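Contents: one structure, followed by commentary.
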Amino acid sequence: MDTGAGGLGPTGGEFSLSHPMVGTNGMNGAMMPHDNNNQDAKRIKMEQSGVKIKPSRVIHIRNIPNDVTEAEIIHLGIPFGRVTNVLVLKGKNQAFLEMEEEPSAVSMVNYFTNCVAQLRERSVYVQFSNHTALKTDQTHSNASASAQAALQAAQALAGAGENKAGGPNTVLRVIVEHMVYPVTLDVIFQIFSRVGKVMKIVTFTKNNTFQALIQYPDVITAQAAKLSLDGQNIYNACCTLRIEYSKLSNLNVKYNNDKSRDYTNPSLPTGDPALDMHSNALSIQQSGMLGSPFAAMGLANLAQQFGAAGQLGAAGLAGIGGYPGLGGAAQAQAMAQAAVGRYPGGGGGQGCVLLVSNMSEDQTEPDHLFILFGVYGDVQRVKILFNKKDTALIQMAEPQQALLAINHLDKTKLWGKVIRVMHSKHTTVQLPKDGQPDAGLTKDYANSGLHRFKKPGSKNYQNIYPPSATLHLSNIPSQVEEEDLRKAFQAINLTVQAFKFFPKDRKMALVQLPTVDEAITALVKLHNYQLSETSHLRVSFSKSTI
């Protein structure tokens, strides 16, 4: 078959559009093709005889999924030019797309001849139609509303691309909403590379929201990624991807580290020579990390690539529903194991136990660590080492909670010292045996009433933020005034810079402190502070400012 016929698949031909139709402006109403049962035989005969199908503005797309939408069909054509009409024959698994100009249609057919188009994990076949235009019959409006809406959106998008930055582009801007669990550059890479080759990634935080810029080699791949991934959750009920086109047409990446990466130039420096070894090792260990407390999807082949160890369990990472090649809770756990694996200096631990070092020997108590680390998970046990009191072991309820604590608390200050947090080689924290000296340095918190995440689907999962100078106070009794709360902070030698009750719920308030370090101190000392006979204050970090 001549390449101009465009990627014909093994079965199916074009339905005839020769049935008399009433023309309109090409947008209103639905098109009603006449079903010609001899068309398949005619098409096959033309292929065998080497007859070239004449290029046309109308493109015929076969083998489409039953539930495909007009918008998805239109998105196949957007990167090549302006789309002026669409018809989806869901019962026949076929569709027609009309481009404004014939060269656009030629580009689309030629492209998909060499690269088979995909819709919802299904290969679809793109070829020229033997009709020169699609017309509509308003008496048969089987899909006119959805088709018109999709066309208007596509044409508006095409206009944006022609007239200003931010239209279809090779660079995507990704915002991760409700980021309950850590999302890293490598997580983004593993997800977006499933669509096509990722060239560059730059990650950053803006307005306390994790964002990324992702560059693909061509507009078509970027378009496919946006269509497939926009609005999907990385993990169940959280870490939602919001994708739009960037105003940038090219990313200028200067360093390969955990914030930016140019996959076309692996020799770039990290930006800090002292961290070269550390950064490279850490990024490898975190590659493909998609851990979550729920079960759904994973990438088993990548787990082996990054040295996953341990058994494949049923718990693991949640996934992007319906996305090609992603599936299997057991495979997911392999990725979780890889993700929480060997950190430099961490002893190779893979699980719930954390090693915390460089603590203040004089001031740090198990309760302090329980409260601080309890912001990011349910702490089960804490052991301050008897012979090395600047070091502690903390057992979290789940591995992903341990990873969350590492992400947010490593290199933060507690009692004036920068603590280090990493995985321990231990799998559990042992309680002291009867009669063994311990001096109260080991505590079991398994039955504590202060756990934040015991309830499945708790709202606390939606309100996990890094340490900040603004604290969120809750469970405030109605009789407690601002002055009472300010006095509680003054009693521990902290000055409140700003205070604000929630207008619609006086049980909650925001408190602004001068520094993040002071906010950490306040949280450790005032979480569970008794405000009345029946009420204890709840304190957490806030993403807001006053």
Side-chain angles (χ1 to χ4, degrees), residues 179 182 203-211 258-259 272 274-275 354 356-377 379 382 384 389-392 394 404-422 450 452 460 463-476 480-502 508-529 531 536-546:
M179 199 171 81
T203 66
F204 56 97
T205 299
K206 185 176 181 180
N207 298 327
N208 284 324
T209 303
F210 179 87
Q211 301 188 28
D258 59 346
K259 301 297 182 186
D272 186 345
L275 293 177
L354 297 170
V356 184
S357 57
N358 200 44
M359 304 186 309
S360 167
E361 292 190 32
D362 300 328
Q363 292 180 269
T364 308
E365 300 172 7
D367 285 351
H368 300 155
L369 299 173
F370 166 72
I371 290 172
L372 178 58
F373 283 75
V375 172
Y376 302 106
V379 175
V382 175
I384 295 176
K389 292 185 175 62
D390 68 345
T391 303
I394 300 175
L404 199 60
I406 290 172
N407 192 56
H408 289 309
L409 294 178
D410 184 37
K411 299 180 183 177
T412 57
K413 270 191 181 181
L414 178 62
W415 311 136
K417 298 201 71 174
V418 177
I419 61 171
R420 298 306 312 269
V421 184
M422 59 188 68
L450 293 179
R452 298 175 188 251
N460 289 332
N463 294 290
I464 297 176
Y465 303 107
S468 63
T470 307
L471 295 174
H472 178 273
L473 310 183
S474 60
N475 204 39
I476 303 170
V480 171
E481 301 294 337
E482 177 182 337
E483 187 60 30
D484 299 320
L485 292 166
R486 284 181 176 270
K487 285 180 180 178
F489 283 85
Q490 289 169 3
I492 57 172
N493 299 316
L494 293 177
T495 302
V496 173
Q497 285 191 331
F499 181 97
K500 181 182 180 182
F501 276 115
F502 278 54
M508 298 188 291
L510 293 177
V511 172
Q512 184 85 34
L513 293 167
T515 66
V516 173
D517 298 348
E518 289 175 86
I520 291 174
T521 298
L523 183 140
V524 168
K525 289 190 174 184
L526 294 179
H527 183 65
N528 202 40
Y529 176 81
L531 293 172
H536 290 75
L537 186 65
R538 298 288 180 258
V539 185
S540 57
F541 297 115
S542 173
K543 67 175 180 179
S544 306
T545 54
I546 304 176

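Remember, predicted model here, so these are calculated numbers, not experimental data.
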Between the OG atom in Ser360 and the CG atom in Leu414, the distance rounded to the nearest 0.5 Å is 7.5 Å
Closest heavy-atom pair, Lys543 versus Asn208, reported as atoms and distance to 0.1 Å, is O-ND2, 2.5 Å
What one should report as the nearest heavy-atom pair of Phe499 and Ala509 is CZ-CB, 3.7 Å
Exercise for the section: Please check if atom NZ in Lys417 has more than 12 non-hydrogen atoms from other residues, nucleotides or ligands closer than 6.0 Å. Expected result: yes
Value for NE2 (His408) from CD1 (Ile464), rounded to nearest 0.5 Å, stands at 7.0 Å
OG1 (Thr495) and CG (Leu513) are apart, to the nearest 0.5 Å, by 8.5 Å
Output for pair (Thr203 OG1, Asp258 CG), nearest 0.5 Å, gives 7.0 Å
Ser542 and Ser468 have their tightest heavy-atom pair at O-OG, 2.7 Å
I want to check something: taking the side chain as every heavy atom from C-beta on, are Phe501 and Glu482 in contact at a cut-off of under 4.5 Å?
yes
Nearest heavy-atom approach of Leu494 to Ala522 is CD1-CB, 3.6 Å
task = Could you go through the side-chain contact (heavy atoms from CB on, under 4.5 Å) check for Val496 and Gln512 one step at a time?
result = CA-CA 6 Å; Val496 173; Gln512 184 85 34; 6.0 Å; no
For Ser357 and Thr391, indicate whether the former's side chain and the latter's backbone hold a donor-acceptor pair under 3.5 Å. no
Please confirm whether the backbone N or O of Ser544 pairs with a side-chain atom of Thr470, one donor and one acceptor, at under 3.5 Å?
yes
Surrounding NZ of Lys389 (heavy atoms of other residues, nucleotides or ligands, distance under 6.0 Å), is the total greater than 12? yes
Next item on the list: Report yes if the side chains of Leu369 and Val379 come closer than 4.5 Å at any heavy-atom pair, otherwise no.
Entry: no
Nearest heavy-atom contact between Ala519 and Ala469 is CB-CA, 3.9 Å
Applying ring-ring contact (aromatic ring centres under 6.0 Å, His included) to Phe204 and not counting sequence neighbours gives none
By ring-ring contact (aromatic ring centres under 6.0 Å, His included), His368 pairs with (sequence neighbours left out) Trp415
- Query: Do Thr515 and Glu518 have side-chain atoms, one donor and one acceptor, less than 3.5 Å apart?
  - Reply: yes
Here the gap from Asp517 atom CG to Thr412 atom OG1, rounded to the nearest 0.5 Å, amounts to 8.0 Å
dist Leu471:CG -> Leu485:CG (nearest 0.5 Å) comes out at 11.5 Å
task = For the pair Arg452 and Val375, evaluate side-chain contact (heavy atoms from CB on, under 4.5 Å) and give the outcome as yes or no after the intermediate values.
result = CA-CA 7 Å; Arg452 298 175 188 251; Val375 172; 3.9 Å; yes
TODO: Compare all side-chain heavy atoms of Pro467 with those of Leu409 and state whether any distance is below 4.5 angstrom.
DONE: yes
Side chain to side chain contact (heavy atoms under 4.5 Å, CB included) with Arg538: of Asn475, Leu526, Ile476, only one passes, and it is Asn475
- Does some side-chain heavy atom of His472 sit less than 4.5 Å from a side-chain heavy atom of Asn463? no
Val382 and Phe373, any side-chain heavy atoms less than 4.5 Å apart: no
Do the side chains of His527 and Leu537 get nearer than 4.5 Å, heavy atoms only? no
Exercise. What orientation do Tyr376 and Phe541 show, parallel under 30°, tilted 30 to 60°, or perpendicular over 60°?
Worked result: parallel
| message | Using a 3.5 Å distance criterion without hydrogens, assess whether the side chain of Asp410 forms a donor-acceptor pair with backbone atoms of Asn407. | response | no
Is the backbone of Thr205 close enough, under 3.5 Å, to the side chain of Thr209 for a donor and an acceptor to pair up by distance? no
